[in-house]
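Working notes for the structure below.
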2 protein chains.
Amino acid sequence: MQTLEKTHPKLQELRTRLTEINDIESASSLLYWDQATYMPSGGAAARGRQMATLKQIAHTKFTDPVIGQLLEDLRSYEGSLPYDSDEASLLRVTRHDYERAVQIPASFAAKFSHHSAESYEAWAKARPANDFAAVQPYLEKSLELSRELANFFPGYEHIADPLIEEADYGMKASTVRSLFAHLRSHLVPIVEAIASQPVADASCLHQHFPEAEQIAFSLKVITQLGYDFQRGRQDKTLHPFMTKFSTGDVRITTRVRENDLNEGLFSTIHEMGHALYEQGINREFEATPLAGGTSSGVHESQSRLWENFVGRSRNFWQFFYPQLQAVFPSQLGNVSLATFYRAINKVERSLIRTDADEVTYNLHVMIRFDLELQLLEGQLAVRDLPEAWNERYRADLGIVPSSDGNGVLQDVHWYGGMIGGMFQGYTLGNLMSAQFFEAVQANPEIPTQIEAGNFNTLHDWLKKSIYQHGRKYTAAELVERVTGIPLSIDPFIRYIQRKYGELYSF
Amino acid sequence: MQTLEKTHPKLQELRTRLTEINDIESASSLLYWDQATYMPSGGAAARGRQMATLKQIAHTKFTDPVIGQLLEDLRSYEGSLPYDSDEASLLRVTRHDYERAVQIPASFAAKFSHHSAESYEAWAKARPANDFAAVQPYLEKSLELSRELANFFPGYEHIADPLIEEADYGMKASTVRSLFAHLRSHLVPIVEAIASQPVADASCLHQHFPEAEQIAFSLKVITQLGYDFQRGRQDKTLHPFMTKFSTGDVRITTRVRENDLNEGLFSTIHEMGHALYEQGINREFEATPLAGGTSSGVHESQSRLWENFVGRSRNFWQFFYPQLQAVFPSQLGNVSLATFYRAINKVERSLIRTDADEVTYNLHVMIRFDLELQLLEGQLAVRDLPEAWNERYRADLGIVPSSDGNGVLQDVHWYGGMIGGMFQGYTLGNLMSAQFFEAVQANPEIPTQIEAGNFNTLHDWLKKSIYQHGRKYTAAELVERVTGIPLSIDPFIRYIQRKYGELYSF
């Protein structure tokens, strides 16, 4: 885009303004990262205010009518450029963001941000206390604000559509519902068939694994997978996440349980998948709206591709298992690769989404997605949510939470202030990861390379096909461009049948 | 100040604006802290730009004519309040800052910030290469910009005055010169007398002391001294500093040399002294211009008071030395307290300011101060600076740098873009620390308490007399209020004579 800067002064001016806004947002991200990693408890009160201040300034600067005028002035110039040129894409994506942002009054943004902070605090206390009643009024307010937000975008087909579009542009409640219904009809019988068989023995993962050794091993793994530590780092936190301050500084966070080898290792690979996406974006997009993942679904497709399709594959462990055994000889020295592989791919109907295996995971997501829609439609009252939640767990997973803490209170999402658009990205991501991973098999050498600890072909293909483009293409465009077909559940079902058909009979 | 917010709506509006500006500045401080502690190298380019963006926004918001109008509208209200009321002080200090800030055109601030970054980078390469010629053009530009900056404040007596006032409000070149001449006339003969005696044996400090044990011991020490880890933390860095994001989050940084016990321990206590000051400010001043140290001299008085008057005293080590010996039994088990005490108070004419002992330290500072004035006056050309530096070291300290790296290139200050006002605060701080420490001896129990590891009376006295006030009083007001007399060199000279008269004969 440097050439363009020489050709159109208004685009240059727009970009200067976008860079300033990006810098404020990056600072806000750092305030969050620090809060979640190193901040002493005494810093909390001021920190919340500081983040709100920066968000408010960024919003004000982005919705400045000057931005709208520049976009207007550049409209004919944009029309003269190819759709997928960097310049046209920058203008298209900026216009999309701008048109959304100006629909939301500053007073609503402030009210919403204030409520989010209060609701989060109430949840943080209510969850360990299993006290749904304590968060019910906050959730009711969240529902009201979510509806208000949706109504800034009139003309929708379903009230959830504007909220879904914020995370997964191009998706609508009806499309997602139909995809999910189809997926559910395949998954439920598979889960039932597996549930009737003996549960896999995963006890080898639940010995004592000291934290320092776990972290050192994880760092070694993600270095080999291609995470660039010159442009990133990993720190400990309570709820792992990936964050970015520039394409040169993309960080991940992790947590470790000493009695569960799954937790630290796979959440590290998961966050690294998000980070590889961000590290792989064309550096010329730096500090513009193009420099980010294109949707929550595509982002999740990359975390899940690396976590599951790579990190839980037999090929992967053919390379890494001897190294893991060398780190934990007394714990794993006598555990065979076959036993270990079966343990890390154990399927079980369980209560907690984030701990769920690949087969049952999407059932957890679909429960939440359906409940969100019912709440927004007014078909379900907030006070009846715990019962509805438990009912759906009984129906879909055959188990019922012992308390709201491991039931309706388990995920932070709704308690961060918004209901709607929060969950579909997880399952869309799983579907896309299967579809992308099938496409990459056009390179037949990849499985053998993975067995040899070589991830370059895979990583290069992902960079070239997906990462470099940032937000240039929408999720739907990207899926079709990369795989030749629209998003489908078939690759995911084929993957589950092949992989788990070997481990279980169904 | 909460009551006031209920009484004058314009002060409330002013405070809301000041809080927003403070939040931006705090975010900028966090960007710096992160850069100096955890940021991967890939983040550097964007980080410089992000810090500049935030500074620019804060400057623009603070110099907004609306702030000037509010201050104007509140002038008669301020006149109706007692001088040292919180509200009058907030208005007075804000007006002072505002009147300075609006003198500096935004274009100059941007030019200066850009030059600072370039000059710093040039220095970072030139210092290890001993290449003064490489920085000479940057330093010439810095001198030009420093003069330009001073000339935004016409009516000065000496061109350095506006620059000195920025760090040490109320001080002028003439006042500092006369204080320093007086101090120098006392110090030079003492240093000469000590230099003619055998150098103290400090070899006990230069054994191998593993980093982790050094850090753990330092943390134990500063916890006992009163640093509040609920409202702070310590991290490793290259050049230690203290920084603050709110009164609830005041952090320090440190570095450790495994072959020098002095470095980590005393720089930790030094930075903690700065931090105790900031942690002790009245929390009702939060996020206003009152919430900071009142001058660079007063700030340094607190770091040096804790580092030297407490941390290098015999009483202090009567308590801590057995604990230090227990941490390093093979290194210090056979070293007596007397030997250790003499080692940490070894006096030697040396080249590096930051490593200098209490007796010679101010000679280093005064050399820099005099050279700054000569440069600004046009009495000394930048190209002649290395020779002038070496000449003064020969005259004042009897030694000459072997290269510019341990000579004129050693301190970052001038290479960060400004010449003038950079150094006087160090020596003013040493003088004040002696004067404050003499005043606190009105509590005769303090030495015995320190021997018992109890620092509460001292810390409480400092909080009550100095810390809580933040910027309410100027340095001169504070010194008189607390000690009953204006700033004087006498307490410092008395302290040096008493302490070092015991260790050496002069």
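Below, each value reflects all heavy atoms present in this structure, side chains not excepted, and no hydrogens, waters or symmetry copies. Chain letters run A, B, ... following the sequence lines, proteins first and then strands; every chain starts at 1.
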- Query: So does A:Tyr98 have more than 12 non-hydrogen atoms from other groups sitting under 6.0 Å from OH?
  - Reply: yes

- Task: Check the surroundings of atom CD in B:Gln230: do more than 12 heavy atoms from other residues, nucleotides or ligands lie under 6.0 Å from it?
- Result: no

- Item | Separation between CG of A:Leu30 and CG of B:Leu30, rounded to the nearest 0.5 Å | 4.0 Å

- Task: Give me the contact list for residues 235-250 of chain A versus chain B, heavy atoms only, anything under 4.5 Å, ordered by residue number.
- Result: A:Phe245, A:Ser246, A:Gly248, A:Asp249

- Message: Taking every non-hydrogen pair under 4.5 Å, which of A:Ala45, A:Ala46, A:Gly232, A:Pro40 racks up the most with chain B?
- Response: A:Pro40

- Message: So that I can tick it off, tell me whether B:Asp34 and A:Arg251 are bridged by a salt bridge, with the cut-off set at under 4.0 angstrom between side-chain N and carboxylate O.
- Response: yes

- Message: Quick check on the structure: residues of residues 49-57 of chain A within a heavy-atom distance below 4.5 Å of chain B, by number.
- Response: A:Arg49, A:Gln50, A:Thr53, A:Leu54, A:Ile57

- Message: With a 4.5 angstrom heavy-atom cut-off, is it the side chain or the backbone of A:Asn22 that approaches chain B, or both, or neither?
- Response: side chain

- Note on the structure: Nearest heavy-atom approach of B:Arg231 to A:Gly42 is CG-CA, 4.2 Å

- Residues passing the ring-ring contact (aromatic ring centres under 6.0 Å, His included) test with A:Tyr38, sequence neighbours excluded, are A:Trp33, B:Tyr38

- Query: Do any of residues 106-114 of chain B come closer than 4.5 Å to chain A, heavy atom to heavy atom, and if so which ones, in number order?
  - Reply: none

